[in-house]
Amino acid sequence: MAATSTNPENREAPGGTSTGNGTGATTSTTPTRRGTELVLLAFAAVIVTCALTLVNLNLESQPPSQILYYGAAFLALFGLAHVAVRRWAPYADPLILPLVAFLNGLGLVLIHRIDIGNAAEAERAGADFSPAAPSQVLYTALGLVLLALVLVFVRDHRTLAKYSYTCGLAGLVALALPAVLPSMIAPNINGAKLWIKLGPLSFQPAELAKILLLIFFASFLVSKRELFTTAGRRFLGIDLPRARDLAPVLVAWAASIGIVVLERDLGTSLLFFGIVLVMIYIATERAVWIVIGLSLFAAGCLAAYSLFGHVQQRVDAWLNPMTSDSGYQLSEALFGMATGGIGGSGLGGGRPAIVPYAKNDFILAAAAEELGLLGLAALLLVYLLLTARGLRAALAVRDSFGKLLAGGLGFAMLLQVFVIAGGVTGLIPLTGLTTPFLAAGGSSLVGNYVLVGLLLRISDASRRPQQPSKPQPKQPPIAEAHTELVERPR
């Protein structure tokens, strides 16, 4: 849907041809494509409603009458988000929100399906059970509210650079909180201290720290880019950086190792250090930083493996899932994915609830079992497309801070999906991260919606047409200028 300009000199000619005002400035109006976004949101709502219907047909023999209401409520929820984007970011990428809606909706369907399996197991065991799907819907609504608030209050992403050091300090504090707080507030769950519990509420501060540190590093790399592009000594044909310029990488490496030592959190450590390395590479285009960073991270991993039993258990479960005492979760996930095969057992036709924490860490395994290899590949392609739209905004935006921030936000999502998919399929050791928008978890869902809000803001800036420059008043030739008499002050 094309936007209508109130400026008579900034209109689009029929057929999409731009008209100019003779000043040489850009005066064309770029189509906002908000109508395309709304159609894609409706399509996502149809897919989610059909998936929910299949689950209930396979598990309850007949679809409940409320399914259409669920689909309408899902469309209404994201319709309100669409209105917020249309109002405060009209030129944002039209594919980002529908892709997120599809992933979030399919995640709700899978969580609901696993809830049904867990409820049956709890009934046979005579235990109490509380479903996770209703709380996930509430977190979705909260995440969309925060997305809208980001668009309202962050009218220009460049203003975030003014608060970069504040964001960096707040991010480090949030990252370190679970390690320094007592166990009654930051309990040790499954060998890792990731959560902060305040009464009935619990959250992972690392999700907020991820975004705050992205803002800090984007601003820092823009202002200190010369430090990373200055070459030092040449060794084996490679221009090595100067020793004093390695400080930021060493600080990031020390922080990632500190996360492993104090919080036993492999996933956040890998995500944090990987984001720093990629942002440095984007800023400098020098592959030597990647080599140095990966070497430091490999050394840190070897040290962590030799010092901490928790890391040794993860590696043992990865190498020997069928025989290791800690490999039951991974082995059941691999059996489930093998049962699904190419086409899957169908939504509601498998047994994904057998896998412990299936709706959290192993929701990709549940999707692979019931949707098959083709369904899992389609899900990964959706994530890849979402990342590509974020990187496209990074390429198109005009300022360096926006480029680095959008690139970091897009890569953070891609790296998180790679770590999860690699752990679930046995490619790399399990790390404990959650699949963005798909897995159950309020902190991850809300944090990723804030991330998407920033991506929408940057993509709006990248697609928004430049304002025409005001024509300068024409100065008459000196020969034609009138002579002015100036009296000497008395």
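Note that the numbering runs from 1 along the sequence shown for the chain.
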Please check this pair: side chain of [X] against backbone of [Y], looking for a donor-acceptor N/O pair closer than 3.5 Å.
{"X": "R457", "Y": "V154", "result": "yes"}
{"X": "N118", "Y": "P131", "result": "no"}
{"X": "E37", "Y": "P98", "result": "no"}
{"X": "E369", "Y": "M337", "result": "no"}
{"X": "S459", "Y": "D93", "result": "yes"}
{"X": "S326", "Y": "Q313", "result": "yes"}
{"X": "R463", "Y": "Y91", "result": "yes"}
{"X": "R34", "Y": "A92", "result": "yes"}

Shortest non-hydrogen contact from [X] to [Y]?
{"X": "Y305", "Y": "Q312", "answer": "O-NE2, 2.8 Å"}
{"X": "H157", "Y": "F401", "answer": "O-CE2, 3.2 Å"}
{"X": "A45", "Y": "L75", "answer": "CB-CB, 3.9 Å"}
{"X": "P94", "Y": "L40", "answer": "O-CD1, 4.2 Å"}
{"X": "G348", "Y": "L59", "answer": "O-CD2, 3.2 Å"}
{"X": "L144", "Y": "A81", "answer": "CD2-CB, 3.9 Å"}

- request: Take F217 and V276, measure what side chain to side chain contact (heavy atoms under 4.5 Å, CB included) needs, and give me the verdict at the end.
  value: CA-CA 7 Å; F217 280 116; V276 173; 3.5 Å; yes
message: Is there a side chain to side chain contact (heavy atoms under 4.5 Å, CB included) between I111 and I363? Walk through the geometry before answering.
response: CA-CA 8 Å; I111 293 169; I363 197 166; 4.0 Å; yes
Minimum side-chain heavy-atom gap [X]-[Y] below 4.5 Å:
{"X": "L379", "Y": "L103", "result": "yes"}
{"X": "L381", "Y": "L385", "result": "no"}
{"X": "V419", "Y": "L270", "result": "yes"}
{"X": "L454", "Y": "L160", "result": "yes"}
{"X": "I196", "Y": "P205", "result": "yes"}
{"X": "Y70", "Y": "L52", "result": "yes"}
{"X": "V48", "Y": "L108", "result": "no"}
{"X": "F78", "Y": "N104", "result": "yes"}

For the atom pair [atom1] ([X]) and [atom2] ([Y]), what is the distance rounded to the nearest 0.5 Å?
{"X": "L433", "Y": "N360", "atom1": "CG", "atom2": "CG", "result": "12.5 Å"}
{"X": "L438", "Y": "I420", "atom1": "CG", "atom2": "CD1", "result": "10.5 Å"}
{"X": "L277", "Y": "L294", "atom1": "CG", "atom2": "CG", "result": "6.0 Å"}
{"X": "S324", "Y": "R314", "atom1": "OG", "atom2": "CZ", "result": "12.0 Å"}
{"X": "Y69", "Y": "I67", "atom1": "OH", "atom2": "CD1", "result": "12.5 Å"}
{"X": "L41", "Y": "L77", "atom1": "CG", "atom2": "CG", "result": "10.5 Å"}

Would you please name every residue forming a side chain to side chain contact (heavy atoms under 4.5 Å, CB included) with [X], sequence neighbours left out?
{"X": "A170", "value": "L212"}
{"X": "L374", "value": "I342"}
{"X": "I282", "value": "V278, L404"}

field: Pairs meeting criterion salt bridge (Lys or Arg N to Asp or Glu O under 4.0 Å) with involvement of residues 102-120, two or more places apart
entry: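 Pairs touching residues 102-120 that pass the test: R113-E370, D115-K359.
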query: According to the side chain to side chain donor-acceptor pair (under 3.5 Å) rule, which pairs have a member within residues 331-349, sequence neighbours left out?
result: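 Side chain to side chain donor-acceptor pair (under 3.5 Å) check on residues 331-349 returns no pairs.
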field: Listed once per pair and sorted, the side chain to side chain donor-acceptor pair (under 3.5 Å) pairs that draw on residues 119-138, sequence neighbours left out
entry: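 Applying side chain to side chain donor-acceptor pair (under 3.5 Å) to every pair that reaches into residues 119-138, excluding sequence neighbours, yields E121-R124.
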task: Walk me through it: do I116 and V55 pass the test side chain to side chain contact (heavy atoms under 4.5 Å, CB included)?
output: CA-CA 10 Å; I116 294 176; V55 169; 4.2 Å; yes
- request: Decide if atom CZ of F129 counts as having more than 12 heavy atoms of other residues, nucleotides or ligands within a radius under 6.0 Å.
  value: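 Buried by this count: over 12 neighbours within 6.0 Å.
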- prompt: Got a sec: does the CZ of F418 have more than 12 other heavy atoms crowding it under 6.0 Å?
  reply: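 Not buried by this count: 12 neighbours or fewer within 6.0 Å.
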message: Applying side chain to side chain contact (heavy atoms under 4.5 Å, CB included) to F362 and L430, what does each step give before you reach the verdict?
response: CA-CA 10 Å; F362 279 79; L430 292 170; 3.6 Å; yes
Qualifying residue for side chain to side chain contact (heavy atoms under 4.5 Å, CB included) with L405, from I458, L221, L455, V397: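 Option passing the side chain to side chain contact (heavy atoms under 4.5 Å, CB included) with L405: I458.
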task: Name the orientation class of the two ring planes belonging to F437 and Y449 (parallel below 30°, tilted from 30 to 60°, perpendicular beyond 60°).
output: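 Perpendicular, since the angle between the ring planes exceeds 60°.
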